[in-house]
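Here is the structure we will look at.
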Amino acid sequence: MDFQWYPGHMTKAKRQMQEDIKLIDLVIELVDARIPQSSRNPDIDALGKNKARLILLNKADLADTEKNRLWKEYFQEKGYFAVELDARNRAGMKTIQNVIQEACREKIERDRKRGIKNRPIRAMVVGIPNVGKSTFINTFAGKACTKTGNKPGVTKGKQWIRLNKHTDLLDTPGILWPKFDDQSVGMRLAWIGSMNDQLLNTDELALELIRYLTEAYPGVLAKRYGVDEQAGEPADLLGGIAQNRNCIRTGSEIDYSKASALFIDDFRAGRLGRITLETPI
């Protein structure tokens, strides 16, 4: 499967970010904790050069607990501030505010020496589509100040948001890079829903995800669907999932497409358990 998806508005958004970055003190980058590296946009490091950086490992509640720890340590060793996050839960937002202050401590100290007091930190929130940016902003602000959705591309324009007297946020549209040099990155992005499902082969996605899970998380499929993971190839296991979930057409024909969609939805919703699809190298 060849993964390419780069709507025209994303090119415009990237150009706008190049201008807006001059206005901000901190880049807050959301990644999906299930694929922390694959859900990063390589352009962000170039755009955010010489700015304070905070990476939020969003959807950490869906990801492997031990892998969350490893990824947090990985980013911290690279010089980023990093926080595990469930953007729907307001409980962790005070921690993030404290980390923002810590990340911008040098800037705050420079302002103090210049006699500038209490100027809000200006932060840009970035991330690829469907990684949870709008949900994070709304939860952080404690109100619905951006439009949210469960499909890529809902946020299409920039907007400044006054969170409190300490922080102003600049929201930006989610952007992907124009092409994937490593097609496995595209596969992982498709698994978590950061690409338009209508442009993808759902059956092939399901088969590859089954192949990965039987190797990396043995027993998960057996527990959820009652299938024998040692009994055959991914197509055989998908057939077993279809039977378990009654994905059968008239005439007792297996509906593989329905089973594939159901299986991928189960993974995305966390019904298969806490799973991470890549490990720090």
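Side-chain atoms of Leu205 and Trp191, non-hydrogen and from C-beta on, do get closer than 4.5 Å to each other. Using a 4.5 Å heavy-atom threshold, the side chains of Leu169 and Arg162 count as separate. Residues Gln76 and Phe81 are not in side-chain contact: their nearest non-hydrogen atoms beyond the backbone lie 4.5 Å or more apart. The shortest side-chain heavy-atom distance between Ile44 and Arg53 falls under the 4.5 Å cut-off. Here the side chains of Arg245 and Tyr225 are in contact, with some heavy-atom distance below 4.5 Å.
Distance alone, capped at 3.5 Å, is enough to place a donor-acceptor pair between the Asn130 side chain and the Gly193 backbone. Judged by distance alone, with hydrogens and angles left aside, the side-chain atoms of Asn68 form a donor-acceptor pair with the main-chain N or O of Ala60 at under 3.5 Å. Asn138 places no side-chain N or O within donor-acceptor distance of the main-chain N or O of Thr135, the cut-off being under 3.5 Å. Proximity of a side-chain donor or acceptor of Trp71 to a complementary backbone N or O of Glu278 within less than 3.5 Å is detected.
Across all non-hydrogen atoms, the minimal contact from Arg268 to Ala190 is NH2-O, 2.6 Å. Annotation for Arg40 and Val31: closest pair CG-CG1, 3.5 Å, computed over non-hydrogen atoms.
For the pair Asp64 and Arg274, the salt-bridge criterion is not met [side-chain N within less than 4.0 Å of a carboxylate O]. Using a cut-off of 4.0 Å between Lys/Arg side-chain N and Asp/Glu carboxylate O, Arg119 and Asp111 are scored as salt-bridged.
Across Thr167, Ile137, Leu170, Leu56, a single residue satisfies side-chain contact (heavy atoms from CB on, under 4.5 Å) together with Ile28, and that is Leu56. Partner of Glu109 under the side-chain hydrogen bond (donor to acceptor under 3.5 Å, both in side chains) criterion, chosen from Arg105, Arg112, Lys107: Arg112. Residue Ser260 forms a side-chain hydrogen bond (donor to acceptor under 3.5 Å, both in side chains) with just one option from Asp255, Asp203, Asp265, Asn201, and that option is Asp203.
Using bins of under 30°, 30° to 60° and over 60° for the plane-to-plane angle, the ring pair Tyr212/Tyr217 lands in the tilted bin.
Geometric assessment of Arg34 against the ring of Phe267 yields a positive cation-pi assignment under the 6.0 Å and 45° thresholds.
Dense packing is recorded around CD of Glu66, with more than 12 heavy atoms of other residues, nucleotides or ligands lying under 6.0 Å away.
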